[in-house]
Amino acid sequence: MEYNFREIEAKWQKEWKERGVYRVKTDASRPKFYVLDMFPYPSGAGLHVGHPLGYIASDIYSRYKRLCGYNVLHPMGYDAFGLPAEQYAIQTGQHPAVTTEQNIARYREQLDKIGFSYDWEREVRTCEPEYYKWTQWAFLKMFAHYYDNGTQKARPIEELVAHFEAHGTEGVDAACTTPLTFTAAEWAAKSEAEKEQTLQNYRLAFRADTMVNWCPKLGTVLANDEVKDGLSVRGGYPVEQKRMKQWLLRVTAYAQRMLDGLDSLEWSESLKEIQRNWIGRSEGAQVFFDAEMADGSTRKLEIFTTRPDTIFGVTFMVVAPEHEWLADMTTAEQRAAVEEYIEQTKKRSERERIAETKRVSGVFTGSYATNPFTGKRIPIYASDYVLAGYGTGAIMAVPAHDSRDYAFARHFGLDIVPVVEGGNLEESSYDAKEGALINSDFLNGKDVKVAIVEMFAEVERRGLGKRLVNYRLRDAIFSRQRYWGEPFPIRYDGDIARPLAEDELPLELPPIKNFGPTEQGEPPLARVEGWEYELSTMPGFAGSSAYYLRYMDPHNDSALVSKEANEYWRNVDLYIGGIEHATGHLMYSRFWNMFLYDLGYVCESEPFKKLVNQGMIQGRSNFVYRVVGTNQFVSLGLRDQYQTQEIHVDVNIVKNDILDLDAFRAWRPEFADAEFILENGQYICGWAVEKMSKSMFNVVNPDFIVEQYGADTLRMYEMFLGPLEQSKPWDTNGIDGVHKFLKRFWRMFHTRTGEWALSDEQPTDKELKTLHKTIKKIREDIENFSFNTSVAAFMICANELGECHKRAILEPLTILIAPFAPHIAEQLWEMMGHTDSVCDAAYPVCNEEYLVENSFEYPIMINGKLRCKQVYPLSATPAELQADVVTKEEVQRWLEGATPKKIIVVPGKIINIVK
RNA sequence: GCGGAUAUGGUGUAAUUGGUAGCCACGUCAGACUUAGGAUCUGAUGCCGAGAGGCGUGGGGGUUCGAGUCCCUUUAUCCGCACCA
């Protein structure tokens with residue numbers, strides 16, 4: 001019988017579904033293992049061959065773990081709220097729910113063809129009310145809690161209220177937007193609205209008037225991770241800074257815990273580094289400088305610095321153009337200039353500002369501050385090189401030791417006073433954190449590192465400020481002026497936000513017909529008659545922040561996840577997905593999970609123990625070369641002889657870079673009468689690596705590969721392509737090799753004439769050695785996620801075994817290959833007479849006995865060069881062991897000792913004995 | 001500018017972690033079988049050289065009996081952060 005993959009795969013996909021082979025239940029008798037893929041956003045384009053890469057890897061791993069005796073949770077679902085469906089709706093009037101449903105159906109169909117072992121009964125969709133009820137629920141919990149810095153934990157807001165009632169802000173150490181001070185009496189005197197306003201300063205989900213990233217084209221605000229280089233990540237539209245009242249999540253409260261937690265995670269160093277960078281912890285000091293205002297009064301201007309040791313070198317100060325006190329600091333003479341500067345910086349988009357970072361600009365306010373250590377009067381400038389959003393929006397400038405301050409001082413002719421020895425101040429500042437202090441009174445002669453520590457103490461002693469840790473991380477803007485997202489369970493009483501009660505959830509998204517913003521620029525929900533709730537909806541990351549918890553207990557309507565389910569499945573053991581979520585989803589879900597952990601709803605503080613980032617699959621485009629002005633196409637090798645135009649050609653009508661001429665003529669009407677200039681009777685196409693996209697005609701659909709070669713071939717080939725974590729272009733050339741292997745594997749169970757042939761004959765030592773070597777290798781490779789070498793190991797194994805029809809070899813081999821090629825394995829398993837699924841077999845274990853060598857390989861060094869690695873029997877005499885390279889006595893000695901595995905010798909001496 | 005990663009045949013890659021570089025495939029070449037096929041099988045295939053031999057892991061230097069692997073330096077590519085005080 002031929003290897004009929006179409007029949008086999010259809011049969012088993014149906015069988016698995018009917019038998020419910022992949023259904024998972026909590027089972028205290030077995031250890032759990034949770035393998036998760038980042039669930040997809042079901043886009044209209046469907047899956048291309050790059051999407052399943054990570055899914056295949058996780059499927060192999062979960063099947064492997066299951067065969068090893070674990071109870072494996074391996075679910076899948078859809079991140080179904082999102083911008084593309086909504087934009088499509090605005091253009092076509094098609095309701096996002098409808099297109100999303102269609103896209104999901106298409107995704108499911110594609111996924112099913114690849115033979116994944118998902119437990120589909122646990123599927124979640126973020127856009128369904130039963131699911132987003134729990135997104136809203138978590139939001140309400142965040143609204144009802146604040147973060148206590150002392151205990152590093154979220155606490156009910158009522159406790160804070162009680163504290164305010166008794167003691168005011170005295171003794172409060174809570175994460176907040178701006179530090180407040182009031183007494184119990186002052187609290188009591190506040191109106192209800194004022195009290196609520198005050199509490200918003202502490203709630204973990206809160207409303208605030210802040211600078212936000214506003215994208216006019218998308219008509220919505222965006223979080224920091226949704227903006228890159230001043231453009232929206234989705235769509236690439238310009239983003240501007242705007243002051244708006246928005247919902248935010250106080251993720252900054254968890255900055256330190258998120259930073260510390262990284263150490264305990266098995267994530268790649270580069271990914272951890274991206275998160276550390278994003279959190280951006282820096283240790284420094286808060287210092288207050290006396291600053292004169294234009295009206296003659298003096299205020300304490302607060303700055304943040306990581307280099308307090310350089311205070312003696314401070315010769316001016318700079319505030320951001322958005323600084324609160326700028327107007328008060330501006331003197332009458334400077335008013336016009338300052339206002340013009342503010343106007344000028346406002347006009348520049350974020351993008352221009354980034355592009356012009358090298359250009360120095362700024363303006364003198366007319367006011368002065370006093371350097372608390374030198375006592376000198378120093379001018380205060382405003383410049384947009386100081387960011388309003390970081391630190392306090394004001395800096396002390398040390399031109400001698402900060403390159404930006406240096407450029408600024410040079411431009412405006414300000415003093416440059418060196419306080420650390422080193423560098424050449426004629427050319428540039430000396431920024432290094434090493435050297436001896438000079439011009440710095442009591443710090444003179446001390447090293448920078450020592451001086452920093454002493455200065456901290458001195459600043460605190462003089463009451464000028466204190467040590468402080470600053471984070472780059474910003475609170476996450478949580479509202480979007482869009483329709484297709486979770487509604488906020490909030491109604492308004494005047495300006496007071498009133499949370500819905502838990503039993504009012506879910507607050508369902510009402511159906512609408514027009515998805516654009518209203519004429520007044522309000523979000524689409526403003527069109528809904530009688531909608532008394534918040535008009536914005538939640539952002540994409542809301543629904544994806546806790547989905548891994550929901551899979552544990554997906555149909556529970558009384559809790560996000562039951563305690564029992566959570567305590568059994570705990571957290572994700574292996575998470576596979578793209579690196580693009582490093583600062584978005586992977587930050588938010590850690591925050592979300594830590595919050596739920598504080599409240600006792602989940603038992604692990606980190607959601608994802610081990611994380612593997614699969615590489616991106618790029619496209620491999622093919623080109624044809626049209627001779628200019630004709631409809632003649634010249635093959636790659638001959639195109640230099642003509643003037644040609646390069647044209648993308650659909651990669652699906654090209655095989656191994658050879659163009660299918662008839663398919664090309666049929667591809668588009670203008671090529672119907674194309675003529676070809678061939679080389680060796682073939683038309684060879686050019687190629688290039690580009691992004692996989694429709695416009696490049698390089699999208700390869702997995703369905704197409706499955707149809708031609710089968711799912712098992714696709715699975716193994718995707719793994720064979722190269723290391724999982726590496727980005728690589730998809731190249732269908734080469735898939736034949738894997739397909740051939742599977743056909744060969746099939747033939748190992750059959751005679752040459754195609755009869756089923758399985759013998760009970762005893763395997764030879766050599767065959768056993770091959771088998772156990774392969775078992776060992778495959779197990780190691782799977783554990784190391786080195787799936788490309790494991791596919792190679794199967795091929796080597798097949799090459800070595802040749803026509804081996806022995807059950808004792810082939811049966812374990814079938815289980816061994818089952819995670820990679822489950823359909824063929826299942827079919828052969830059945831043909832071998834088993835009635836159970838190969839998914840429930842026990843994964844073979846390597847018996848090292850079969851690997852023990854009865855001879856050893858001795859690398860021998862001759863004349864300083866490793867010449868050969870010969871195999872000698874253990875019984876070899878020293879004379880036989882090339883006595884000329886080592887002394888006979890030495891050889892004798894190591895043969896008498898413990899049996900060596902490897903002996904490395906150079907003329908006259910043994911340099912290493914591996915035992 | 002700072003941080004991280006990568007660099008090996010015509011191509012994708014491998015290398016017991018410091019021990020014969022190029023496993024396994026693709027491609028190419030040759031052959032077998034075949035009423036010719038994009039099927040199957042066998043062999044060859046890093047480069048130079050007729051050969052013996054020489055040269056080879058981006059470049060240069062170093063440590064070592066021995067380096068793709070370790071150290072220094074340099075180049076290129078990719079990624080992350082970026083007036084972060």
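Note on naming: letters A, B, ... go to the chains in the order of the sequence lines (proteins, then strands), and numbering restarts at 1 for each one.
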Checking base pairs now: Watson-Crick or wobble, both atom distances under 3.5 Å. What partners [N]?
N: G27(B); answer: U45(B)
N: U77(B); answer: A5(B)
N: C33(B); answer: none
N: U20(B); answer: none
N: A67(B); answer: none

Atom-pair distance ([atom1] on [X]; [atom2] on [N]), nearest Å:
X: E580(A); N: G80(B); atom1: CD; atom2: C1'; answer: 13 Å
X: Y3(A); N: A39(B); atom1: OH; atom2: C1'; answer: 17 Å
X: N788(A); N: C24(B); atom1: CG; atom2: C1'; answer: 10 Å
X: D736(A); N: C24(B); atom1: CG; atom2: C1'; answer: 15 Å
X: I735(A); N: G27(B); atom1: CD1; atom2: P; answer: 12 Å
X: I658(A); N: G37(B); atom1: CD1; atom2: C1'; answer: 14 Å
X: L721(A); N: A14(B); atom1: CG; atom2: P; answer: 11 Å
X: E283(A); N: A85(B); atom1: CD; atom2: P; answer: 12 Å

Within the structure shown, what part of the strands sits under 4.0 Å from [X] by heavy-atom distance: base, sugar-phosphate, or nothing?
X: D405(A); result: nothing
X: P729(A); result: nothing
X: F720(A); result: base
X: R281(A); result: nothing
X: N470(A); result: nothing
X: E269(A); result: nothing

(message) Would G9(B) be called syn or anti here, given the cut-off of 90° from 0?
(response) syn
(message) As a test of the definition: with a 90° window around 0 for syn, would you call U17(B) syn or anti?
(response) syn
Would you call [X]-[Y] a salt bridge at under 4.0 Å N-O?
X: E707(A); Y: R6(A); answer: yes
X: E269(A); Y: R276(A); answer: yes
X: K773(A); Y: E800(A); answer: yes
X: K776(A); Y: E848(A); answer: yes

[atom1] atoms of [N] and [M], separation to the nearest Å:
N: C2(B); M: U20(B); atom1: P; answer: 39 Å
N: G56(B); M: G68(B); atom1: P; answer: 10 Å
N: A15(B); M: A85(B); atom1: P; answer: 41 Å
N: C72(B); M: U63(B); atom1: P; answer: 15 Å
N: U69(B); M: U73(B); atom1: P; answer: 16 Å

Looking at [X], does any N or O in its side chain come under 4.0 Å of the phosphate oxygens OP1/OP2 on [N]?
X: K740(A); N: A25(B); value: no
X: R747(A); N: U40(B); value: no
X: N799(A); N: A25(B); value: yes

(message) Taking the nucleotide of RNA chain B with the nearest heavy atom to each, does E273(A) or G280(A) sit closer to the 5' end?
(response) E273(A)
(request) Assign each of V738(A) and Y390(A) to its nearest nucleotide of RNA chain B by heavy atoms, then name whichever residue's nucleotide is nearer the 5' end. (result) V738(A)
(message) Restricting to ring-ring contact (aromatic ring centres under 6.0 Å, His included), what partner residues turn up for Y588(A), sequence neighbours left out?
(response) F541(A)
(message) Counting only side-chain heavy atoms from C-beta out, which of G80(B), A25(B), G4(B) sits nearest to M795(A)?
(response) A25(B)
(message) Here's one to test your reading of the geometry: is the NZ or CZ of R590(A) within 45 degrees of the ring axis of W267(A) and under 6.0 Å from its centre?
(response) yes
(request) Working to the nearest 0.5 Å, report the span between CD of E302(A) and CD of Q286(A). (result) 4.0 Å
